[in-house]
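Let me begin by presenting the structure, written as structure tokens, before commenting on it.
A note on names: the letters A, B, ... follow the listed sequences, proteins ahead of strands, and every chain is numbered from 1. Being a predicted model, the structure only gives us computed values, none of them experimental.
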Amino acid sequence: MDLSNRAKNILGFMIFETLLTAYFLWHAYRLPADTPLLSEPMFELVLAITIYSIIGGILISAIVHGTKKAETADERDKNIEAKADGYAYRTLVWSIGFFLVFLYASQGVGIPDSPYQIKTILLSFSFTPLRVLGAMIFILWVSETVKYAVQLRLYRQGY
Amino acid sequence: MTKTNITNQIRTLRFFADEMSQAALAEKIGVTRQTVMAIEAAKYSPSLELAFKIAAVFGKELGEVFEYPQGKQSAKRDA
């Protein structure tokens, strides 16, 4: 597959961010659900993610561009990015909307502690700050992945 | 993604300009080679400013480089 450097860069970041998100979620969900966000294990996890993201970003740029200077974005690149941003934004809004409904439904539907309350299976899932953070990170990853995928599609098929 | 309606003569003009490469044209107009390829293949419609820059490289008028067939038809209708 013949890819331009810009497309390779996008593909590299798409894979890298997927791995980084998986790493975060894997470790975050192995912690007890009631772990405070300001705690030692969370600090270590965030620090590790920060360090990996810096190293990963440098490595991807080095692999894609080598010793050459990265090309500056021209009008087509900017147009493609703007279009992809539009898709990513819509994905983000819909995902957050869906998450809010999920969050609300997890408390049950109807008037609490009354015969009018309809308990849902989601009641068994407690949304602690750690889990909300995990869900937000996941939503951001989905949105970013949509952006990268749209960019790659437009670069391949023409825009 | 469909092709644009705007056609162009860039390939021909490059040929008559001493077989100017896409990379050379890209450098003159300040874009990447991929963008020149996309414009030439009618997969991307350049901005008006970029279109003027391309025409200027070949010393041509805008209409000699780019053509919009639908525009031609409506012009005929109006006449």
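The environment of A:Tyr87 atom OH is sparse: at most 12 non-hydrogen atoms of other residues, nucleotides or ligands sit within 6.0 angstrom. Heavy-atom contacts from other residues, nucleotides or ligands closer than 6.0 Å to CD of B:Glu19 number more than 12. Around atom CG of A:Leu38, no more than 12 heavy atoms belonging to other residues, nucleotides or ligands sit under 6.0 Å away.
Rounding to the nearest 0.5 angstrom, the gap separating the CG atom in A:Asn5 from the CZ atom in B:Arg33 is 10.5 Å. Distance check, rounded to the nearest 0.5 Å: CD1 of A:Ile80 to OG1 of B:Thr35 gives 7.5 Å.
Nearest heavy atom pair, residue B:Thr32 against residue A:Thr72, reads CG2-O, 4.3 Å. Contact record, B:Tyr44 with A:Glu75: OH-OE2, 2.8 Å, taken as the closest heavy-atom pair.
Linking ILVMFWY side-chain heavy atoms closer than 4.5 Å, directly or via other members, places B:Leu13 and B:Met20 in a single hydrophobic cluster. Residues A:Ile137 and A:Leu31 fall within the same hydrophobic cluster, defined by Ile, Leu, Val, Met, Phe, Trp and Tyr side chains chained together at heavy-atom separations under 4.5 Å. In terms of hydrophobic clustering, with Ile, Leu, Val, Met, Phe, Trp and Tyr side chains grouped at heavy-atom distances under 4.5 Å, A:Phe98 and A:Trp94 are assigned to different clusters. No single ILVMFWY cluster, assembled from side-chain heavy atoms under 4.5 Å apart, contains both A:Leu152 and A:Ile63.
Identified by a heavy-atom distance below 4.5 Å to chain A, the contributing residues of residues 50-61 of chain B are B:Leu50, in residue-number order.
Every residue was checked against the ring pair (Phe, Tyr, Trp, His ring centres under 6.0 Å) condition with A:Phe16, not counting sequence neighbours, and none meets it.
Between the side chains of A:Ser4 and B:Gln34, no donor-acceptor pair is found at a separation under 3.5 Å.
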